[in-house]
Number of protein chains: 2
Amino acid sequence: MEGLFELADLLGESMQRELDTRGLTRPRAEVVWRLGSDGTMTQKQLSQALRCTPRNVTGLLDALEGSGLVVRRPHPHDRRSTLVGLTSRGKRASAAWAEGYTKLANTLFADFNSAELASFVRILDRVRARLRRVPPVRQSLSPTAP
Amino acid sequence: MEGLFELADLLGESMQRELDTRGLTRPRAEVVWRLGSDGTMTQKQLSQALRCTPRNVTGLLDALEGSGLVVRRPHPHDRRSTLVGLTSRGKRASAAWAEGYTKLANTLFADFNSAELASFVRILDRVRARLRRVPPVRQSLSPTAP
DNA sequence: TATTGTTATACTCTATAACTATA
DNA sequence: TATAGTTATAGAGTATAACAATA
């Protein structure tokens with residue numbers, strides 16, 4: 001089933017190519033993507049959503065604010081916090097990506113009949129659910145194991 | 001078909017977790033992986049295989065040599081070149097990862113009957129082949145599009 | 001006293017350009 | 001003259017720790 005790993009790599013490369021043509025790095029694109037999906041949030045919430053440090057968020061937002069995709073606004077009730085949201089340009093970018101991925105998926109899965117697709121999706125869902133629960137198999141991957 | 005993108009992400013995270021527990025970064029692990037798959041090669045060949053600059057290879061090899069996973073040897077016929085290969089520890093690491101991924105795949109795809117699996121693999125292969133040919137859809141992903 | 005976001009500092013990956021040794 | 005690998009320099013992402021403002 002190495003094909004699955006290769007497919008995952010190919011999907012990653014495909015996404016990367018898209019970002020390169022837009023002059024956006026992947027971490028910055030993830031910020032835009034997240035804000036587009038979940039809407040305005042504080043930097044703290046963003047750092048939790050992206051699973052990175054608050055310091056990291058500061059740097060990414062500085063760059064994205066500079067290129068006009070994102071705005072920082074004071075939190076109305078907590079003056080320690082900063083609310084982050086997409087500009088109209090950021091919203092267009094986020095929506096365009098979502099559309100692009102949908103198109104890509106449609107292209108990739110065109111020409112399959114519905115029975116095949118249903119079977120594929122069923123297996124995909126079960127594999128995905130299982131992957132979420134699989135713990136890292138540390139022992140078998142140890143490069144220092146005897 | 002967003003499930004496929006999510007699965008790709010999950011697989012990536014799963015691999016990343018493995019590397020984290022080993023104290024290896026992804027770029028360094030890719031060097032070890034590549035040398036394990038294709039055997040000894042020059043730094044030039046490595047930079048082409050990894051699609052990065054020769055300078056980048058130098059840095060990765062410096063680190064990997066320091067941790068004893070890789071050795072540099074003079075090329076027997078061309079004194080400009082350097083041959084790079086895995087140490088025995090590097091070979092163990094590479095083999096252990098391959099085994100780990102096989103185990104993961106086996107875990108993920110246990111409990112499916114052979115007809116389901118055959119159907120899944122067939123679609124997977126066709127999607128993969130198509131993905132290799134799909135060009136980036138630049139227009140539809142443009143954040144600056146009107 | 002705890003939390004939010006920042007500055008200070010450091011390490012890794014990556015790239016381009018200039019340079020050395022060799023072909 | 002061209003090639004392989006290095007040093008020099010720079011920018012992005014990430015982390016920890018110390019700090020300011022606010023709760």
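Per chain, numbering begins at 1; letters A, B, ... match sequence-line order. Heavy-atom basis, side chains included; hydrogens, waters and symmetry copies ignored.
A heavy atom closer than 4.0 Å to some atom of DNA chain C occurs in A:Thr42, A:Gln43, A:Lys44, these being the qualifying members of residues 37-46 of chain A.
Salt-bridge annotation for A:Arg132 and B:Glu6: present, with a side-chain N of the basic residue lying under 4.0 Å from a carboxylate O of the acidic one.
Residues in residues 11-32 of chain B take part in no ring pair (Phe, Tyr, Trp, His ring centres under 6.0 Å) pair, two or more places apart or across chains. Residue pairs meeting the side chain to side chain donor-acceptor pair (under 3.5 Å) criterion with at least one partner in residues 49-62 of chain A, sequence neighbours excluded, are A:Asp62-A:Arg72. Among pairs with a residue in residues 18-73 of chain A, those fulfilling ring pair (Phe, Tyr, Trp, His ring centres under 6.0 Å) read A:Trp33-A:Tyr101, at least two apart in sequence or across chains.
In this structure, A:Thr58 reaches the C:dT6 phosphate: one of its side-chain N or O atoms is under 4.0 Å from OP1 or OP2.
Distance A:Leu64 CG to D:dG13 C1': 13 Å, rounded to the nearest Å. Remark: P of D:dA4 and CZ of B:Arg72 are 16 Å apart, rounded to the nearest angstrom. For the pair A:Leu24 CG and D:dG13 C1', the interatomic distance rounds to 14 Å; values are reported in whole Å. For the pair B:His75 NE2 and D:dA4 C1', the interatomic distance rounds to 11 Å; values are reported in whole Å. Put simply, CG on A:Asp62 is 16 Å from P on D:dG11, counting in whole angstrom units.
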Kindly give the atom pairs (protein nitrogen or oxygen, nucleotide nitrogen or oxygen) under 3.5 Å for nucleotides 20-23 of chain D.
| from | atom 1 | to | atom 2 | distance (Å) |
| --- | --- | --- | --- | --- |
| D:dA23 | OP1 | A:Arg79 | N | 2.8 |

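For B:Arg26, the salt bridge (charged side-chain N to carboxylate O under 4.0 Å, His left out) partners are A:Asp9, B:Glu30, not counting sequence neighbours. For B:Ser47, the side chain to side chain donor-acceptor pair (under 3.5 Å) test picks out no residue, with sequence neighbours left out. Contacts of A:Gln16 classified as side chain to side chain donor-acceptor pair (under 3.5 Å), with partners at least two apart in sequence or in another chain: A:Asp20. Residues satisfying the salt bridge (charged side-chain N to carboxylate O under 4.0 Å, His left out) test with A:Arg34, not counting sequence neighbours, are A:Asp38. Considering only residues two or more places apart in sequence or on other chains, A:Asp78 meets the salt bridge (charged side-chain N to carboxylate O under 4.0 Å, His left out) condition with A:Arg80. In this view, B:Arg122 and A:Glu116 satisfy the side chain to side chain donor-acceptor pair (under 3.5 Å) rule, not counting sequence neighbours.
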Q.
Base contacts versus sugar-phosphate-only contacts with protein, heavy atoms under 4.0 Å: please encode nucleotides 12-18 of chain C as B, S and - from 5' to 3'.
A. SSBBB--
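Ring orientation note: the planes of A:His77 and A:His75 are nearly perpendicular, at an angle over 60° on the 30°/60° scale.
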